[in-house]
Amino acid sequence: MAKWLDNAVFYEIYPQSFKDTNSDGIGDFGGIREKLDYIKELGCNAVWMNPCFESPFGDAGYDVSDYYKTAPRYGTNDELKELMDEIHDRGMHILLDLVPGHTSVSHQWFLESMKAERNAYTDRYVWTDSIWEEPEGPGSLRGISDRDGSCLVSFFSHQPALNYGYYRPEKPWQQAMDAPGPRAAVEELKNIMRFWLNVGCDGFRVDMAHSLVKGDKDGTGTILLWQEIRAFLDEEFPEAVMVSEWGEPDKALAGGFHMDFLLHFGPSHYNDLFRCEEPYFSGRGKGDVSEFVRTYQENYKKTEGKGLICIPSGNHDMARLARGIHGDELKVAFAFLLSMPGAPFIYYGDEIGMRYVEGLTSVEGGYDRTGSRSPMQWDGSLNAGFSLAGREKLYVPLDPSADRPTVEGQAADPDSLYHEVKDLIALRQAHPALGNRGGIEFIYAEKDAYPFAYVRSAEGEKILVILNPSHEPASLACEYSLEKALKTFGGEAAAGDGRVTVPGGFYGFYRA
Ligand code: GLC
Ligand code: CA
């Protein structure tokens, strides 16, 4: 299995907003190439790039119209290959974004599937057998085809669901997982993966990985499907890495994924930390990390030794980290994100505290996600160095604030978030105990209380981490000596009588 995952730190690139090199206002492969050294310098050694395939962009590329061809606005297949080569030349790795659950309405398969006459794509999507019957699910496409039936959608109403079958078919039109239509969909999925793995990607982030088999409440059928994919990869591409958008690591890992995300949806309590009224990692927090830790521990037990639970700083679907957490609070949040087991994922711009841009009109199906998708802020030049296009041509408007953070500004300031993140990644990489596969024991994670403390361990090394995101001093009973500090922020801890007191807005790493 891919050894590089043991110390992978990922950087998520939203290609349309990262760096534009041909002045059309949209980021491109060339721009990513230009900035690879920046990513490497930060300490990230792996990239997840959001979908870059041909698409009408009704959902920013999560509505693919040709899985085998890159969208011209980013560059050609050959240019993507060159980008992959440059990534590998730097000892880095890249995951592409695979969207297996649905296509765009303009995909040729769907156009065929809408026809009244039977053809090779009739059963490629989930259709009822009468326009008057709607499938259960997020909605359906109806009355737009000669074919009599309603087609299930998987997310937006222009994203028809590919047919991987029903776990237990109940209606005549519901097909079993082993029926010819679903089998053809699985084989096509393997072909798509084969194609891009042969071009040179290192694996995939899989969109809505939990959702493929229908009528499958517990995920049993979907797990079986992914196990088949895993077996195919083991046979043909044993090094291929898979990370799922699932949000239930025990299920995803049972399906053969190496890693699963904790997300803003699902049972993880991830939002308690960063994205709610009073997030734990803000000074306004009332301090409840306990539910998060309880579910984390359950997941950890179920998945220990099998794969990684990934806690992202954010992604293209949720509000920016800096929307609810400000200033030095972000440093404490990153101390947490970069000291947990699993592979860290940093959403582009979070390392400089890029803000959520409020009040934007939706772009390409972004809706309230659009504010998290604004152009990367590189420097003080035109359009923050993102693009030389006229302002009105930029993919999403820039953060208009005069004090918007930039890479240039933060690189020049030794006290910036950028430097903190960089130092925290370096610390993680220097200590096996802090690494992706090291163990964790929570020593203080109480209901309605600060601080938060845990011990990471690996290869005989133990590191105590104490985080106090609140603005008040806090203390805990602690048997560890704090004599060997590896890194602290926000003051010093005081120890005595078996208790440790730390200042507000503090974090510390100690050899234990
Ligand atoms: C995932 C993607 C999101 C997209 C949706 C439909 O949640 O991350 O951006 O809109 O799936 O593909
Ligand atoms: Ca461009």
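Order of listing sets the numbers, starting from 1, for every ligand and every atom in it. Count residues from 1 along the sequence.
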Which segment of E364 sits under 4.0 Å of ligand 1 when only heavy atoms are counted: neither
Closest protein heavy atom (residue, atom, distance) for atom 1 (C) of ligand 1: D207 OD1, 2.6 Å
Check ligand 1 against [X] and write out every atom of the ligand that is under 4.0 Å from a heavy-atom position of the residue.
| X | result |
| --- | --- |
| H102 | 6 (C), 12 (O) |
| H316 | 2 (C), 3 (C), 8 (O), 9 (O) |
| E245 | 1 (C), 7 (O), 8 (O), 11 (O) |
| M208 | 6 (C), 11 (O) |
| R369 | 3 (C), 4 (C), 9 (O), 10 (O) |

Is the [X]-[Y] ring centre distance short of 6.0 angstrom?
| X | Y | answer |
| --- | --- | --- |
| F257 | W226 | yes |
| F195 | Y68 | yes |
| Y125 | H107 | no |

Exceeds 12 heavy-atom contacts within 6.0 angstrom, atom CD of E187: yes
Please work out whether the ring planes of [X] and [Y] are parallel, tilted or perpendicular, with thresholds of 30° and 60°.
| X | Y | value |
| --- | --- | --- |
| W4 | H93 | parallel |
| F110 | W127 | parallel |
| F336 | F274 | tilted |
| F261 | W48 | tilted |

4.0 Å heavy-atom contact, R205 with ligand 1: yes
Candidate pair S374 and D399, rule side chain to side chain donor-acceptor pair (under 3.5 Å), full reasoning: CA-CA 7 Å; S374 63; D399 177 352; over 6 Å; no
Ligand 1 to D59 polar contact by distance, N or O atoms, under 3.5 Å: yes
Residue-atom pairs from the protein, N, O or S only, that lie under 3.0 Å from the Ca ion (ligand 2): D20 OD1, N22 OD1, D24 OD1, I26 O, D28 OD2
